[in-house]
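Remember, it's 1-based here, ligands and their atoms both numbered in the order they're listed.
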Amino acid sequence: MQVRKLFDGVYTLDGRLCTIDIGAGRKVYGEDHLEYEGKEYRMWNPYRSKLAAAILNGLKNEHMRKDDKVLYLGAATGTTTSHVSDIIEEKGVLYCIELSERNMRDLLVVCESRPNMIPILEDARYTDKYADTIAECDIIYQDVSSPEQAGILEANSRFLKRGGYAYFAIKSQSIDIKKKPEETFKKVLQSLEKTFEIVEEVRIEPYHKLHLFAVLRKR
Ligand SMILES: C[S@@+](CC[C@H](N)C(=O)[O-])C[C@H]1O[C@@H](n2cnc3c(N)ncnc32)[C@H](O)[C@@H]1O
């Protein structure tokens, strides 16, 4: 087997994208696990994760590091969060904000075997509700498919350190189904210009239609 390191904590094993498991061997979404040279690799499905899709579609830099604090908005049932949890390792902290009680039930199971994940059942639009729980973060990851996507990121930027990065999965259809996706992406990013500079933009088709994965840096 051949292992190639793409970024800190992100590898390919025989060409398949993966992270190294810190979750006691438990599968999160039916992903393949492969043991190689004493390490357990978890295959990372780009159809299930926008960050994986962005990496495979040519993301130039991945900024998450071991021990980082990450605020994740729209954690759902834990698919991408579990890989972020692997990347930041045991001493990192991953605050998982999720609005849906149904999704939270599954997320709690994932958090049981991943001590760096903190589940928070809240609405990401109302940051005061969880402000006391969150320390200053190195990274914000947002994937909420809401018409208020830009406003949610702006509101949560209060938790991001200066120079920290925001990973922003923008779904054009959740904002305006009549406009061309490119126009919507441009407008959304322009609305955030005072707070963030744009570092990278990656379209993530064919894995996720009508989405842009943007990397922003807090000014
Ligand atoms: C596309 S899914 C996220 C998938 C996840 N990022 C992954 O890759 O595993 C969007 C999630 O955002 C949640 N969501 C939508 N609006 C929200 C809000 N205002 N606050 C918190 N979560 C929200 C939904 O309940 C849903 O679970």
Side-chain angles (χ1 to χ4, degrees), residues 9-10 17-19 21 23 26-31 42-57 59 62 64 70-88 94-111 113-114 116-131 133-134 137 139-160 165-175 177 181 184 188 202 204-215:
V10 181
L17 193 68
C18 53
T19 56
D21 183 42
R26 280 209 211 164
K27 290 192 179 191
V28 175
Y29 58 102
E31 76 282 4
R42 299 175 58 229
M43 302 307 119
W44 193 358
N45 184 342
Y47 288 96
R48 301 286 302 276
S49 169
K50 283 146 203 152
L51 178 54
I55 291 170
L56 291 182
N57 276 8
L59 187 77
E62 208 290 287
M64 285 180 213
V70 178
L71 172 59
Y72 195 113
L73 308 170
T77 54
T79 302
T80 301
T81 53
S82 66
H83 290 285
V84 172
S85 156
D86 286 343
I87 293 169
I88 63 174
L94 178 54
Y95 302 103
C96 302
I97 310 286
E98 175 51 49
L99 177 64
S100 148
E101 287 186 18
R102 177 69 199 82
N103 286 345
M104 182 53 76
R105 277 201 287 278
D106 291 345
L107 185 67
L108 287 173
V109 176
V110 178
C111 294
S113 53
R114 296 179 169 273
N116 62 8
M117 287 175 64
I118 301 177
I120 301 171
L121 180 66
E122 284 296 352
D123 187 327
R125 291 175 299 173
Y126 307 117
T127 55
D128 283 348
K129 295 224 170 141
Y130 49 88
T133 316
I134 311 242
C137 289
I139 305 272
I140 293 181
Y141 188 110
Q142 180 177 313
D143 179 16
V144 294
S145 30
S146 145
E148 295 162 66
Q149 287 166 69
I152 289 174
L153 184 57
E154 182 76 54
N156 282 274
S157 67
R158 64 187 275 194
F159 303 116
L160 186 62
Y165 291 90
Y167 287 0
F168 185 19
I170 311 171
K171 186 177 182 183
S172 62
Q173 295 291 288
S174 303
I175 297 169
I177 47 168
T184 303
V188 167
V202 183
I204 50 177
E205 281 93 2
Y207 308 109
H208 303 272
K209 286 188 186 144
L210 305 171
H211 277 82
L212 179 74
F213 193 90
V215 180

Can you name the atoms of ligand 1, numbered from 1 with element, that are less than 4.0 Å from a heavy atom of Ser145? 1 (C), 10 (C)
Sorted by chain and number, sequence neighbours left out, side-chain hydrogen bond (donor to acceptor under 3.5 Å, both in side chains) with Glu148 holds for Arg125
Would you mind reporting whether Ile152 and Gln142 have side-chain heavy atoms less than 4.5 Å apart? yes
Provide, to 0.1 Å, the distance between atom 23 (C) of ligand 1 and the closest protein heavy atom, together with that atom's residue and name. Leu99 CB, 3.7 Å
What orientation do Trp44 and His83 show, parallel under 30°, tilted 30 to 60°, or perpendicular over 60°? parallel
So which heavy atom in the protein is nearest atom 10 (C) of ligand 1, and how far is it from that ligand atom? Asp143 O, 3.2 Å
Taking atom OG1 of Thr80 and atom CG of Leu51, what is their separation to the nearest 0.5 Å? 7.0 Å
Could you find the nearest protein heavy atom to atom 7 (C) of ligand 1 and give me its residue, atom name and distance? Thr80 OG1, 3.4 Å
Sub-4.0 Å atoms of ligand 1 with respect to non-hydrogen atoms of Ala76: 3 (C), 4 (C), 5 (C), 27 (O)
Atom indices of ligand 1, in the order listed, that fall short of 4.0 Å to a heavy atom of Glu122: 20 (N), 21 (C)
Please state which protein non-hydrogen atom is closest to atom 1 (C) of ligand 1 and give its distance, to 0.1 Å? Lys50 NZ, 3.6 Å
Using non-hydrogen atoms of the residue, decide whether Tyr72 is closer than 4.0 angstrom to ligand 1. yes
Is the Tyr207 to Phe213 ring centre distance short of 6.0 Å? no
Closer than 4.0 angstrom, basic N to acidic O: yes or no for Lys27 and Asp21? no
Those residues at least two apart in sequence (or on a different chain) that pass side-chain contact (heavy atoms from CB on, under 4.5 Å) with Lys209 are none
Is the shortest side-chain N to carboxylate O distance from Asp86 to Arg42 below 4.0 Å? yes
With a sphere of 6.0 Å drawn around CD of Glu205, does it hold more than 12 non-hydrogen atoms of other residues, nucleotides or ligands? yes
Atom 20 (N) of ligand 1 has as its nearest protein heavy atom Ala124 N, 2.8 Å
In the protein, which heavy atom is nearest to atom 12 (O) of ligand 1, and how far is it? Gly74 CA, 3.4 Å
When you measure from the heavy atoms of Arg48 to every atom of ligand 1, does any distance fall below 4.0 Å? yes
With atoms numbered from 1 as shown, which atoms in ligand 1 lie under 4.0 angstrom from a non-hydrogen atom of Ser100? 25 (O)
Check the orientation of Tyr167 and Tyr141. Use parallel for under 30°, tilted for 30 to 60°, and perpendicular for over 60°. perpendicular
If you have a sec, work out which protein heavy atom is nearest atom 24 (C) of ligand 1 and how many Å separate them, to one decimal? Glu98 OE2, 3.4 Å
Residue and atom name of the nearest protein heavy atom (relative to atom 14 (N) of ligand 1), distance in Å to one decimal: Val144 O, 4.0 Å
Should Asp123 be counted as touching ligand 1, given the test is an N or O pair under 3.5 Å? yes
